[in-house]
Amino acid sequence: MDKFVVKGGVPLRGPIETSGAKNSALPALAATLLTDQPVVLRRIPHVRDVRTMQRLLVDIGATVDVDNGCVRIQVSRVRSPEAPYELVKTMRASSLVLGPLVARAGRARVSLPGGCGIGARPINLHLAGLEQLGAQIQQAHGYIEAVAPQGLRGAAIRFERITVTGTEDLIMAAVLAQGETVIENAAREPEVADLADLLIKMGARITGGDLTVTGCVPEHNSALITKLQAAGAEVTEVDRSTLRVRAESVLRSVDMSTAEYPGFATDLQAQYMALMTQAEGIAIIEETIFENRFMHAQELARMGANIRLEGNQAIVAGRKELTGAGVIASDLRASASLVLAALVARGETVIDRVYHIDRGYEKIEEKLAGVGAQIRRLD
Ligand code: EPU
């Protein structure tokens, strides 16, 4: 066995490079089981658990080519839907192949992970979730045997406690299940978001947000509601003062022109532009009320949006990944659009001059934090 010999007391200086995250890499590798097409993953760290997962995938039927942190995997056919004890005992994350295998091949035989240095690592929540998706599960000789002869079907699943690999396992199973799955009390670690991003790139439709807006007059928002519905969001009037808004898949771009009431309010144009940066396609947004109300376009572009201004029109090419940046709020509604953009951006955004927002939005950060946003005010 190798040893490290460390002499202390020497100050550390200079650049130090990070590697890709193991706990993002493992579910990404397992996700390659969901398709017969090749998947290329970059910045996969060269660590033992990753090598073990790759060996497991090869046993199952994958061809794996590794080249300098770039891994190309293709599982044309699942030859043997099994994770043997010899591999599972050294890497407990092997339970991550359970969901994808039963979803793709209709059956899986995966050794129970057993205990480890940080305590017992049960997978009862993975199993209960898979049963809800329609798998039949048995345990014998230290193995979990799962079958789904009729395939899996979507279900509403609530984890009784948050589990990272359990959430990942079920998301992977659910993307091949018939119909919709809703997972409540899901883990929200960055590695879970990474997996969702990968699955979306592979063609999955992963449930977006679900908000209930209270204390509003739905009728006053009919122009906005019509656009949201045209873009593919589900907007339902729960009662005379409550709206429920859901986006279950990527929205479509929809052109919009501001107009006097009951048209689309100019005061929602900036926020709509932030939305269109995430929609599929190209949206032409026309501002007909004020001359100079596209200040937010430049700031959104700094976050990665693709927006071209032509006179009173903004042409927004959607589905651009926004990244956190330092941005400046220029007016009240522009600031709201930057907050919305920051909520979908990868990483941290610092929005300066929020006094513009405070002119018109009461406790916006508290309201958004109340529905899960990670937002805080700096004095
Ligand atoms: N739990 C259950 N039943 C289940 C699943 C989990 O009771 O079916 C319990 C566990 O016993 C634990 C708690 O729920 O008490 C949380 O466990 P979780 O399932 O979230 O952990 P995990 O998915 O097995 C991952 C990481 C761990 C990391 C934990 C917590 C991977 C491959 N592993 O484990 O990483 O500590 O989440 O963040 O993503 C490490 O890298 O060193 C490591 C241990």
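Heavy-atom basis, side chains included; hydrogens, waters and symmetry copies ignored. What you see is a predicted model, and the numbers here were worked out from it, not measured in a lab.
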Does any part of the side chain of [Y], heavy atoms only, come nearer than 4.5 Å to the side chain of [X], both counted from C-beta?
X	Y	result
Leu127	Leu98	yes
Ser257	Thr288	yes
Arg51	His46	yes
Val316	Asn306	no
Leu26	Met91	yes
Val75	Arg104	yes
Glu234	Val245	no
Pro81	Ile60	no

Between Tyr143 and Tyr85, is the gap from one ring center to the other below 6.0 Å?
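Centroid distance Tyr143-Tyr85: not below 6.0 Å, so no.
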
Please report the shortest heavy-atom distance between [X] and [Y], naming the atom on each side.
X	Y	answer
Ala341	Leu322	CB-CD1, 3.8 Å
Leu243	Val238	C-CG2, 4.3 Å
Ala135	Leu152	N-CD2, 3.9 Å
Ala103	Leu176	CB-CB, 3.9 Å
Ile157	Gly129	CD1-O, 3.7 Å
Arg240	Pro218	O-CD, 3.0 Å

Taking it one step at a time, do Val64 and Val66 satisfy side chain to side chain contact (heavy atoms under 4.5 Å, CB included)?
CA-CA 6 Å; Val64 179; Val66 183; 4.0 Å; yes

In this structure, are over 12 heavy atoms from other groups packed under 6.0 Å from [X] atom [atom1]?
X	atom1	answer
Glu348	CD	no
Gln229	CD	yes
Asn68	CG	no

Give me each pair satisfying salt bridge (charged side-chain N to carboxylate O under 4.0 Å, His left out) with a member in [range], each pair once, sequence neighbours excluded.
range	value
residues 152-170	Arg158-Glu184
residues 3-25	Lys22-Asp49
residues 349-363	Asp358-Arg377
residues 296-309	Arg308-Glu310

Spell out, yes or no, whether [X] and [Y] are grouped together once hydrophobic residues are joined by side-chain heavy atoms under 4.5 Å, including indirect joins.
X	Y	value
Ile162	Leu130	no
Leu101	Leu112	yes
Val164	Leu199	yes

Distance-only, no hydrogens or angles: does the [X] side chain make a donor-acceptor pair with backbone N or O of [Y] under 3.5 Å?
X	Y	result
Glu286	Thr258	no
Thr212	Arg244	no
Ser24	Ala21	no
Glu82	Val110	no
Thr242	Asp239	no

Carboxylate-amine/guanidinium contact [X] [Y], below 4.0 Å:
X	Y	result
Asp36	Arg77	no
Arg376	Glu365	no
Glu280	Arg319	yes

[X] side, atom [atom1]; [Y] side, atom [atom2] - distance, nearest 0.5 Å:
X	Y	atom1	atom2	answer
Gln313	Glu287	CD	CD	11.5 Å
Thr52	Leu29	OG1	CG	11.0 Å
His296	Asp331	NE2	CG	8.0 Å
Leu338	Gln271	CG	CD	10.0 Å
Arg107	Glu145	CZ	CD	10.0 Å
Ile183	Leu170	CD1	CG	5.0 Å

Arg293 vs Thr266, test: side chain to side chain donor-acceptor pair (under 3.5 Å). Steps then yes/no.
CA-CA 9 Å; Arg293 207 173 199 184; Thr266 174; 2.9 Å; yes

Taking only residues two or more places apart in sequence or in another chain, which ones pass salt bridge (charged side-chain N to carboxylate O under 4.0 Å, His left out) with Asp255?
none

Side chain to side chain donor-acceptor pair (under 3.5 Å), that's the test. Do Arg333 and Tyr272 meet it? Break it down for me.
CA-CA 10 Å; Arg333 310 299 170 183; Tyr272 188 77; over 6 Å; no

Sequence-distant partners of Phe294, ring pair (Phe, Tyr, Trp, His ring centres under 6.0 Å), two or more places apart
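Result, ring pair (Phe, Tyr, Trp, His ring centres under 6.0 Å) vs Phe294: none returned.
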
If the test is side chain to side chain contact (heavy atoms under 4.5 Å, CB included), which one of Ile44, Thr35, Val40, Leu57 qualifies with Ile73?
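Only match with Ile73 under side chain to side chain contact (heavy atoms under 4.5 Å, CB included): Leu57.
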
Show your reasoning for whether side chain to side chain contact (heavy atoms under 4.5 Å, CB included) applies to Ile307 and Ile315.
CA-CA 5 Å; Ile307 303 170; Ile315 297 122; over 6 Å; no

